[in-house]
Amino acid sequence: MKPLETKLRAVRDSGRKALVPYFMAGLTPDWTQHVEAAVHAGADAVEIGIPFSDPMMDGVVIQEAALTSLARGTNLDSICADLAKISVDVPLITMTYFNIFHHYGLERSIGKLTESGIEGAIVPDLSLEESGPWHEISNSYDLANIFLVAPSTNTERAKLLAQASEGFCYASARMAVTGKSSDEGDAAQVVAGIRAGSDIPTYVGIGITTPKQAKDASKIGDGVIVGSALVQLLIDGAGPGKIEEFITSFRLAID
Amino acid sequence: MKPLETKLRAVRDSGRKALVPYFMAGLTPDWTQHVEAAVHAGADAVEIGIPFSDPMMDGVVIQEAALTSLARGTNLDSICADLAKISVDVPLITMTYFNIFHHYGLERSIGKLTESGIEGAIVPDLSLEESGPWHEISNSYDLANIFLVAPSTNTERAKLLAQASEGFCYASARMAVTGKSSDEGDAAQVVAGIRAGSDIPTYVGIGITTPKQAKDASKIGDGVIVGSALVQLLIDGAGPGKIEEFITSFRLAID
Amino acid sequence: MTDAKTFMQAPDERGRFGEFGGRFVPEALMPACLELEIAFKDAWSDPAFIEEYNTVLRQFAGRPTPVTPLLRLSEKLGINVYAKREDLAHTGSHKINNVVGQTLLTKRMGKTRVIAETGAGQHGVATATAAARLGLECTVYMGEVDTVRQSLNVFRMELLGATVVPVTSGSKTLKDAVNEAMREWVTCVSDTHYCLGSVMGPHPFPWMVREMQSIIGHESSRQLIELGVATPDFVVACVGGGSNAAGIFSGFANTSARLIGVEAAGGAAVKNGSPGVLHGMRSMLIQSEFGQIEEAHSISAGLDYPGIGPEHAYLADAGRAEYYPIGDEVVLDALQLLSELEGIIPALETAHAVAWITREAGKTIPKGSSVLLNLSGRGDKDVAQVRSLLRGE
Amino acid sequence: MTDAKTFMQAPDERGRFGEFGGRFVPEALMPACLELEIAFKDAWSDPAFIEEYNTVLRQFAGRPTPVTPLLRLSEKLGINVYAKREDLAHTGSHKINNVVGQTLLTKRMGKTRVIAETGAGQHGVATATAAARLGLECTVYMGEVDTVRQSLNVFRMELLGATVVPVTSGSKTLKDAVNEAMREWVTCVSDTHYCLGSVMGPHPFPWMVREMQSIIGHESSRQLIELGVATPDFVVACVGGGSNAAGIFSGFANTSARLIGVEAAGGAAVKNGSPGVLHGMRSMLIQSEFGQIEEAHSISAGLDYPGIGPEHAYLADAGRAEYYPIGDEVVLDALQLLSELEGIIPALETAHAVAWITREAGKTIPKGSSVLLNLSGRGDKDVAQVRSLLRGE
Ligand SMILES: Cc1ncc(COP(=O)(O)O)c(C=O)c1O
Ligand SMILES: Cc1ncc(COP(=O)(O)O)c(C=O)c1O
């Protein structure tokens, strides 16, 4: 079992619902302080987005954040350098698209990420079928790989994805890309599918933008992932105080 | 022999080259006075154009004149009424397109024209082959039919056209529609073709705009026809004085 | 058919179809018309020429064009509509059939240049196209008003190496472009062929152009049989000068099919016209009390002609074909209907025929009838105009 | 060919052509891709489906398109050029072949709606067309910049009953339209098929689209034999995503013909790119030092794509096909040349292939060689732009 999973199982075992906020690396010069603020307010792990020009799985908010970060001249090297500055006691997980690593080199990417304190990776366009080489190398670096399971995933496939996931399994609450949503979602069905395959911690994400939605989702899964709502706040210029306030409101809702 | 031809043969027999100016009927309210002025200055016959919307054989000057006349509300009836006002001792010959007569009725047209003092007709789009019915009726009204012979007409056909012509035969000096021209033309060849078929008076027209051109043409044929140059003068507002002057200059050139 | 006459044969030796047709041109052009008649007859009975013509149509112009069963339109109307797809021919309409033939004939006659008239530009583009292929010089006369309205087609002709001459006489539209082309032909007839764009003008043009378009009818008749339709109940085509109609009618003139020509209401020469002589032919024309030719008015430039080909005047007179007017107001609806139901944006001209079918289904056209529509051209040339009209610009 | 490999077969079970291809999509889309793969395999081996596909191509889309010997161009260049006339297919390019197949497949899968991306609008118009014919709902994603540049094509799609959604993300052009279509597909995959427009995207798209375009190659090979050319020395096609090239190459992959893909210099993924993952596939891409995808730049919207289909990346890698860039500056000359000499105004995309042939005749292409050009589309869509460019506007 990779370190990330050990830690996240521990959170669950403690009876606590995990709260995982998403930050876009390099969105602002002081982005690492935002991460720290979130952890201070009760995040159990943090997703670190690495910006990509063509974020196929992301809605307008994260698209905009990625372009803003890129326009600031960020890249994998600069982001890893920034990561080294973050001092928190919860695991950091990266999320980005496969081409970033493919182009940088798989082993070189994984080496660099883990060296910078990253313990897990979500690569939404790296399908289970294509993940072999990446998985192999990440095993030797103890980097956990997290797969998404979608409402469209059938039970057999959900089982495979759950079993392949490390750290946690990402239950996509709805057929949508990241962003706001108002519908109920299909989290219960997706989580049930994952649990039929594995007892890995299962976090619900995609479209969770309010404490109320987080509360509902946390009743279904073992944790919730909050992305676009937080990124929107940052785009609007939120500082550490505002972030703590935002995270706290989610923390209170799911506890 | 129709009266027109008798008269025009007499002109030739007198050793005089015939001068035939063209007027657009109805171009101005006082157009009939222009005709009289021309005769006063020495015209041997006058061509009276009846305006048609689609004058296929005419260049820009006569096109414009036709539209101006039509815009004044002229028609075959009004033109025939005007014709009755003309008091000259030379023959009047009409020139227009076949549809005017076709629509008005062939017999009705010919009756009306001859009643108004018209002795001959040039209908450039009424080909020899299509002229049968028109010819038949015009015979009973003593209206002479004048055909054009063009540089493209072969000798055999030129002979037929010469023989079918009454009054005079129209030698087209060049492959062109009415209007200005600067080239030498093919009048000699055309006139020779006509003369091979008939001893009918042969007048040269199409593109004769200067006294010099008229002089050259009159050496080839038995007379000359002057259209666009005169019509241009009228479009520009010439009155009887200017017309007499113009005709006189041609008269002097060919005498 | 009222008797056992056979229709759509060659005209008589004077170029007449019944009382219509003939050759009313200035003497300067008569030799060229006579020469053309001889050259056409000679070529058209020469297997080598026919073979070349058919080869160019096949290899270059994209023939045969298909017949498409219009399933969704048929279902909506309760009749069976089949479309002969001239929109798929090179340059986007049936016009190419005629110009391929006439340019080959031009070469055969030893001429090196063609002139043509054009309204919106379809025939001009087609002529420029066929001329380019053979390296013939090409000049196209186009009403000045049309050169402005259809400036892209002017550019298209220029790209193809043609010279476009704006015609400033008369109403500055198609009728005047024909006059001007005739006038110019007078000056250059020795080395230049006048490539007329429809079944109009002096003999032999109406006959020759019909023959060169008859491939539409012959293909259709064979293709309908393959689709299980021995003889369609109706054959419907729009009529400007009437070349696409004549072409498709040719395949069915001596069958039981009802032949329907659809004219623009503002240029309905059969319904609102009377016999007259224009552009070298005796036919039905819209004209004033005193025989002045009136301007046609239509939403579609290709139907904006005050006359109709003489053979159509004859077919109407003989009761063999029927001609109906369609007003501008229903044409856009028809264009939209065909686009939405069948994925084919027709030319505005063609949309007149579609509008007639749509309006008459269940009325003149009994339910269950089979109807062959000549889809004479594609609407790409018209989309900018249609957009303006629909947006009320 | 360096060895006895056979080319252009089905990819391996992971959808790979050598090291290229695969399926790099969010899990939400994986089931749809898997379903599509099964449905396609099933349909493509069902004679009834193939029969329907071929019938629609024949009756509706105008297939077979001819091969035209380009006699005057050949004479000028000293080589023998033959053009496969996809410009004559319905909607004006090869794009219709693919969408006819995919919309029939959509219906077969029980889906009622298609979405598509489009650059200049060719694939969007084709998709809207095929969807209209079957009564499928249709939404087309188009970069906002392109909706302005090509507003007439937007209107054309609307006439055909489609909804056009302007994409405002990223560079607001084709690449972003693909991203957006993928994002939207995530939300509606249960009733909606994503009708991708080229040999790109996740497996099975590159294979399926190639198969649906392979009719170009198969027809051409038969038609060239009829014209006396057993195997052409060169087969040349322009490459955006690479569907027209893949289609024509299919007919000649296992012959001695040299296969040439011509990319826009500003989007030359083979020459200037490196392996990467985008839009669901591993292929050659133009990208920055850190793997950000760069914007392509070309005079022709259809070649304005920073990648290339994975099978082309493989064919290049295997040395079976060669890919060369052509800069904007020679494209207009080539378009004018073909127009003037042959009476065919090609699409700007196609003009790249013409430009390569013109430049290389007597060099890479030895005198006397036979060259098959895929004339992928007509230039009507481009004439306004060409006019502006030539007039320096
Ligand atoms: C598509 C189309 N249909 C019909 C016509 C009318 O011509 P005709 O009556 O000679 O077929 C035109 C003329 O431009 C046309 O472009
Ligand atoms: C005429 C034409 N040719 C080529 C292309 C490029 O696409 P592909 O490389 O998939 O054939 C396009 C794309 O729009 C096109 O319209």
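Numbered from 1 within each chain, the chains take letters A, B, ... in sequence-line order. Keep in mind it's a predicted model, so treat the numbers as computed, not measured.
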*Just give me the residue among Arg282(C), Gln287(C), Glu184(C) that pairs up with chain B most often, heavy atom to heavy atom, under 4.5 Å.*
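Looking at each option in turn, the highest pair count goes to Gln287(C).
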*For the candidates Gly280(C), Gly276(C), Ser171(C), which exhibits the highest count of non-hydrogen atom pairs separated by less than 4.5 Å from chain B?*
Gly276(C)
Interface moiety of [X] toward chain C, non-hydrogen atoms closer than 4.5 Å:
| X | answer |
| --- | --- |
| Leu128(B) | neither |
| Val123(B) | neither |
| Asp77(B) | both |
| Ser172(B) | neither |

What part of [X] gets within 4.5 angstrom of chain B, counting heavy atoms only: side chain, backbone, both, or neither?
| X | answer |
| --- | --- |
| Thr168(C) | neither |
| Ile293(C) | both |
| Pro275(C) | both |
| Glu294(C) | neither |

*Between Pro55(B), Ser53(B), Ser131(B), Ala176(B), which residue shows the highest count of heavy-atom pairs closer than 4.5 Å to chain C?*
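Answer, by heavy-atom pair count under 4.5 Å with chain C: Ser53(B).
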*chain C contacts, top residue of Ser127(B), Ala150(B), Pro151(B) (heavy-atom pairs, under 4.5 Å)*: Ser127(B)
*Min side-chain heavy-atom separation Met182(C)-Met57(B) under 4.5 Å*: no
*Side chains of Glu180(C) and Met56(B): closer than 4.5 Å at any heavy-atom pair?*
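Side chain of Glu180(C) against side chain of Met56(B), heavy atoms only: no contact under 4.5 Å found.
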*Mind checking which of residues 26-39 of chain C sit less than 4.5 Å from chain B, heavy atom to heavy atom?*
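Pro26(C), Glu27(C), Ala28(C), Met30(C), Pro31(C), Leu34(C) fall under the 4.5 Å cut-off.
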*When you look at NZ of Lys2(B), are more than 12 heavy atoms from neighbouring residues, nucleotides or ligands closer to it than 6.0 Å?*
yes
*For Glu19(C), does the CD atom sit with more than 12 other heavy atoms under 6.0 Å from it, leaving out its own atoms?*
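No, not enclosed.
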*Looking only at heavy atoms, which of residues 62-70 of chain B get nearer than 4.5 Å to chain C?*
Gln63(B), Leu67(B), Leu70(B)
*Look only at the side chain of His103(B) and the backbone of Ser288(C), and say whether a donor-acceptor pair between them is shorter than 3.5 Å.*
yes
Hey, could you give me the [atom1]/[atom2] distance between [X] and [Y], rounded to the nearest 0.5 Å?
| X | Y | atom1 | atom2 | answer |
| --- | --- | --- | --- | --- |
| Leu278(C) | Phe52(B) | CG | CZ | 5.5 Å |
| Phe24(C) | His102(B) | CZ | NE2 | 6.5 Å |
| Arg183(C) | Thr178(B) | CZ | OG1 | 8.5 Å |
| Ile100(B) | Phe290(C) | CD1 | CZ | 9.5 Å |
| Ser169(C) | Asp54(B) | OG | CG | 8.5 Å |
| Leu285(C) | Asn99(B) | CG | CG | 6.0 Å |

*Which atom names give the shortest non-hydrogen contact between Pro51(B) and Gln292(C), and what distance separates them?*
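Shortest heavy-atom separation between Pro51(B) and Gln292(C) comes out as O-NE2, 3.0 Å.
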